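Notes follow the structure.
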Amino acid sequence: MAVSEENPEIIKEKDLERKKKKADKAREKELKRQKALEKAAKLQAQQASNNQKKSEKKLVKRGGEEENPEEFLDPPTPFGEKKRISSQMAKQYSPTAVEKSWYSWWEKSGFFVADAKSSKPPFAIVLPPPNVTGALHIGHALTVAIEDTIVRWRRMSGYNTLWVPGMDHAGIATQVWDWKNKYGGTILQQLRGLGASLDWSRECFTMDEKSSRAVTEAFVRLHKNKLIKRDERLVNWDCVLRTAISDIEVEHIEIKGRTLLNVPGYDKPVEFGVLTSFAYPLEGELGEIVVATTRVETMLGDTAIAIHPDDPRYNHLHGKYAIHPFNGRKLPIVCDAKLVDPKFGSGAVKITPAHDRNDFEVRKDHDLESINIFTDDGKINSSGGSEFAGMPRFKAREAVIEALKKKGLYRGAKGNEMRLGICSRTNDVVEPLSKPQWYVDCNNIAKKGLDAVMDEEKKKIEIIPKQYATEWKRWLENIRDWCVSRQLWWGHRVPAWYVTLEDDELKEINSYKDHWVIARNEDDAQEEASRLYNGKKFHLSQDPDVLDTWFSSGLFPLAVLGWPDDTEDLKAFYPTSDLETGHDILFFWVARMVMLGTELGGDVPFRKVYLHPMIRDAHGRKMSKSLGNVVDPLEVINGISLEGLHKRLEEGNLDPKELTVAKEGQVKDFPNGIPECGADALRFALISYTAQSDKINLDIQRVVGYRQWCNKLWNAVRFSMSKLGDDYVPPTNVNPENLPFSCQWILSLLNRAILKTIAALESYKFSDATSTVYSWWQYQLCDVFIEAIKPFFAGSDPKFETARRFARDTLWLCLDNGLRLLHPFMPYVTEELWQRLPSSRDQTAMESIMICKYPSIVECWTNERVEYEMDLVDSTVKSLRSLANERRERQHDRLSKVVSAFAYKEKDPLHI
């Protein structure tokens, strides 16, 4: 094949031509880039010019005078006096500045106090008493936000409103009166900071004289009605606290197999989820019988072995005995078809009546002995045998296994799923223990509580949301007797005295079950004992136990109103109107109030129960100190740095590993700390969250958003005040037919917002109420109406004077009604802004917005035609804006491509 070669001169010429074309394109692109840059520079210069013109306009408006900063600062206000506000509104909203002074004036003015003799319809609600043991958490803030919204709305709606504050003594969590003095004061100040309009003249503490008297009276009456009795049963025992604890304080964890857990008081983790098998030798050399257990240490208290009556493997053992390997005790072999499943394991079950709930019930059927092998602090006692006495229970577990191995009775171990009860306060493993305690017989009173909610003919209580009525039914249909005694010294002493007769053979307390007398005081007990044991010498000893705090809390609606006396408060406010609390204590508090109120007060304690969701962090996790995601409401109100959050953790009792994890969690969730948000923003955010089913995933940024919205309100009123003028006097009445189109429209929508807000509040849809109020202020008043009327005030043209006057009147109506509509949710900022509004001539001037009338609809304001026409205008404007945005985006895209191309070319001008 022939190959041609080009002339080198031709190649050189072509190469020069290519380079020339490349250079020409580079110059062309550079020229376009320069033009684009010149265009951007012109635009920037134009914006700077506009800003300069705006500044000049502002200077003209101020008459060329410099502002006096002092005019924008609130003067100091003596405590309890009405807040002294600045002559000029600050240019920006400040929660600290706005929320100071108002509360002390409200309280001192008596705005919160209810009058038992008032002719107004009553509305009463009790604040779920927080524990005196510490400060309020974010869950309490939610309770306060919802309840104060209800109370302020009802007060403004013409009700004789009573909201009773109180604190619970929290028997287990603390045992020192100093806690009440220290933390009780902290809690009360936190409640005030949140704006809670509580009637402090009726403040109570569950250990004060009035409450103590009610608790004693309740116990005496229930015992007289045969609803309280003393009995020995299994209780949830905490070996750290050395007391029985309630079911609500027991958290159950599911263990899938062999699992190591840290237990208080033990140096090494303890293994759970293990099924240990061992053999009992049979009497008469009949061989052995194998049993299995996850708590092998309890075999020291075994008193029998159960088999199924139809199990052919054990037909020869009916009526026989096994021998305990460590103490020689004879264990009867009993037949029990209910307890034993012959297909499970060996088909034989060890019975430990003193430490197992099922076994405790079996004991009654077979008349078995019950032997307690544990001391109150969880060690093996003398009944467990000298070989193991004094050992902590889980160390005894290891010792028992070793002893069984030495005797050749150990038959192995394997992983086993189990459910383990843990005390929520101490993390101790709960031990079932047989103890004599006082019990309330709940069967009959629970039936009344069940009917009050579920029976349509006897219904007295509505539970909201409705799905919790099913939970109510489940609890009360399966109720057990309520253990009300606790082994503590902080709390209400059980009003029971043990009578020791001079001729009693056994002198220890509780040696004889029938030697107890119930009385209101020791003198009454002495009198009752003398009647029962006429002529005999005796000695009285009061029961050292105290009553469960849920017992005193269950009497709260009665006690705070003066029961057992027939007080004016009791006659005026019982039954109370509503109860608002978390759904997690529906049974433990709400049901018990209903049972005790029905039995002792003659009626249910409230008519409606609203159950709010539980608060989690933004990721849906339960708030925990060890995770570092606990939110203190005061830190949201006042703001706190990341360093401050870390310091709070360091002042707690977390171990070093937990502290590290917690700090990492805070860095992730609050990298810049928490900005100051104020009580109003926190309240509004929490209430807006209530639509979230049974859990609230709290994102602090949402609270920050509402704090910024408060600034929007502030500026809207600030603008409005500048248009109303210093001499403006609100009208006596307004005829909507004479108003401009925009004014008719905003009043019609205000009417609609009032109607929807009231309907939402009445149906306990608080989130809907906040959405309605927010939307009217934000999207209708601020975004549309205020913008629409600005042209009326652009100059002093006489032809716009009528329109300006109507716009001012409408603006005042909107601000006055809108602030009153918003007040129950945001009490501080609405009071501050409302106080700046001029008063209407036809109304008696009210001292505070909180005692003004809540807005109601004005029929003549409703104008559906105007609303429809405005909707058409709005949709048209939105369509035009959308088209304009699309055009700008296309232009922006083209410009971006040009600039990018120039930037790329600048890197390599000769690159094609």
Side-chain angles (χ1 to χ4, degrees), residues 234 236-240 245 249-280 288-302 305-306 325-326 339-352 354-359 373-374 377-380 384 387-388 391-433 621-622 624 626-627 655-658 661:
L234 285 193
N236 300 314
W237 191 264
D238 186 303
C239 298
V240 174
I245 59 175
E249 291 160 323
V250 180
E251 294 180 353
H252 290 93
I253 59 174
E254 300 295 334
I255 295 178
K256 300 301 181 182
R258 292 177 179 267
T259 305
L260 291 174
L261 297 176
N262 291 318
V263 179
Y266 292 83
D267 298 332
K268 298 178 180 179
V270 178
E271 189 174 39
F272 296 91
V274 181
L275 188 67
T276 302
S277 298
F278 66 94
Y280 270 117
E288 66 181 29
I289 188 167
V290 177
V291 296
T293 178
T294 57
R295 300 161 64 219
V296 71
E297 68 278 6
T298 62
M299 64 86 63
L300 300 175
D302 285 357
I305 297 171
F326 300 131
L339 180 68
V340 180
D341 178 1
K343 297 178 182 178
F344 182 78
S346 67
V349 178
K350 64 187 283 297
I351 298 179
T352 321
H355 302 293
D356 184 278
R357 295 193 184 278
N358 291 328
D359 296 356
I373 63 166
F374 294 125
D377 60 350
K379 294 184 175 67
I380 304 298
E387 185 179 352
F388 308 101
M391 288 185 183
R393 54 186 166 152
F394 298 127
K395 289 187 177 180
R397 175 176 295 182
E398 299 172 357
V400 167
I401 290 174
E402 288 302 314
L404 287 169
K405 288 179 179 179
K406 288 180 181 178
K407 290 182 176 291
L409 299 173
Y410 179 76
R411 295 293 179 266
K414 63 179 181 179
N416 184 74
E417 291 188 13
M418 64 179 295
R419 197 162 179 253
L420 192 67
I422 304 292
C423 176
S424 61
R425 295 183 182 273
T426 64
N427 288 326
D428 190 27
V429 176
V430 174
E431 192 67 52
L433 261 187
R621 301 174 303 175
K622 185 176 180 180
S624 165
S626 60
L627 292 175
D655 66 39
K657 289 183 180 178
E658 288 180 325
V661 173

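Hydrogens, waters and symmetry mates play no part in the numbers below; they use all other heavy atoms, side chains included. Residue numbers run from 1 in the order of the sequence given. Predicted model, so just to flag it, every value in this text is computed and none were measured.
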Ionic contact status for K657 with D655, cut-off 4.0 Å: no

Heavy-atom side-chain contact between I380 and F374 under 4.5 Å: yes

Pairwise side-chain contact, Y280 with D302, heavy-atom cut-off 4.5 Å (strictly under): yes

R357 side chain to L234 backbone, donor-acceptor under 3.5 Å: yes

Atom NZ of K405: over 12 foreign heavy atoms under 6.0 Å: yes

Note, R393 side chain near H355 side chain (heavy atom, < 4.5 Å): no

Side-chain heavy-atom pair F344, V349 within 4.5 angstrom cut-off: no

Side-chain heavy-atom pair V240, C423 within 4.5 angstrom cut-off: no

Over all atoms of both residues, closest heavy-atom pair of M418 and G273: SD-N, 3.3 Å

Residue pair L261, L420: steps toward the side-chain contact (heavy atoms from CB on, under 4.5 Å) verdict: CA-CA 11 Å; L261 297 176; L420 192 67; 3.7 Å; yes

Heavy-atom side-chain proximity of I351 to L339 below 4.5 angstrom: yes

Stepwise side-chain contact (heavy atoms from CB on, under 4.5 Å) test for N427 and I422: CA-CA 6 Å; N427 288 326; I422 304 292; 4.1 Å; yes

Pairwise side-chain contact, I305 with V291, heavy-atom cut-off 4.5 Å (strictly under): yes

Main-chain N/O of V296 paired with T276 side-chain donor or acceptor, under 3.5 Å: no

Inter- and intrachain pairs under salt bridge (charged side-chain N to carboxylate O under 4.0 Å, His left out), touching residues 261-273, at least two apart: R258-E271

Sequence-distant partners of A292, side chain to side chain contact (heavy atoms under 4.5 Å, CB included), two or more places apart: L275, S277

Over all atoms of both residues, closest heavy-atom pair of Y266 and P392: OH-CB, 3.3 Å

Minimum heavy-atom distance G421-H252, with the two atoms named: CA-CD2, 3.8 Å

Polar side-chain atom of T259 near backbone of G257 as donor-acceptor pair, under 3.5 Å: yes

Closest contact, heavy atoms only, A396 versus E297: C-CB, 4.4 Å

Any side-chain heavy-atom pair of T293 and F278 under 4.5 Å: yes

Evaluation steps, side-chain contact (heavy atoms from CB on, under 4.5 Å), between V263 and F272: CA-CA 11 Å; V263 179; F272 296 91; 4.0 Å; yes

Audit row: I253, R419, side-chain contact (heavy atoms from CB on, under 4.5 Å) steps and yes/no: CA-CA 6 Å; I253 59 174; R419 197 162 179 253; over 6 Å; no

Polar contact flag, side-chain donor to acceptor under 3.5 angstrom, D238-T426: yes

Flag, side chain of D428 to backbone of C239, donor-acceptor distance under 3.5 Å: yes

Main-chain N/O of D356 paired to R295 side chain as donor or acceptor, under 3.5 Å: no

Heavy-atom pair of closest approach, residues T298 and K350: OG1-NZ, 3.0 Å

Contact summary for G347 and V340, nearest pair of heavy atoms: O-CG1, 3.3 Å

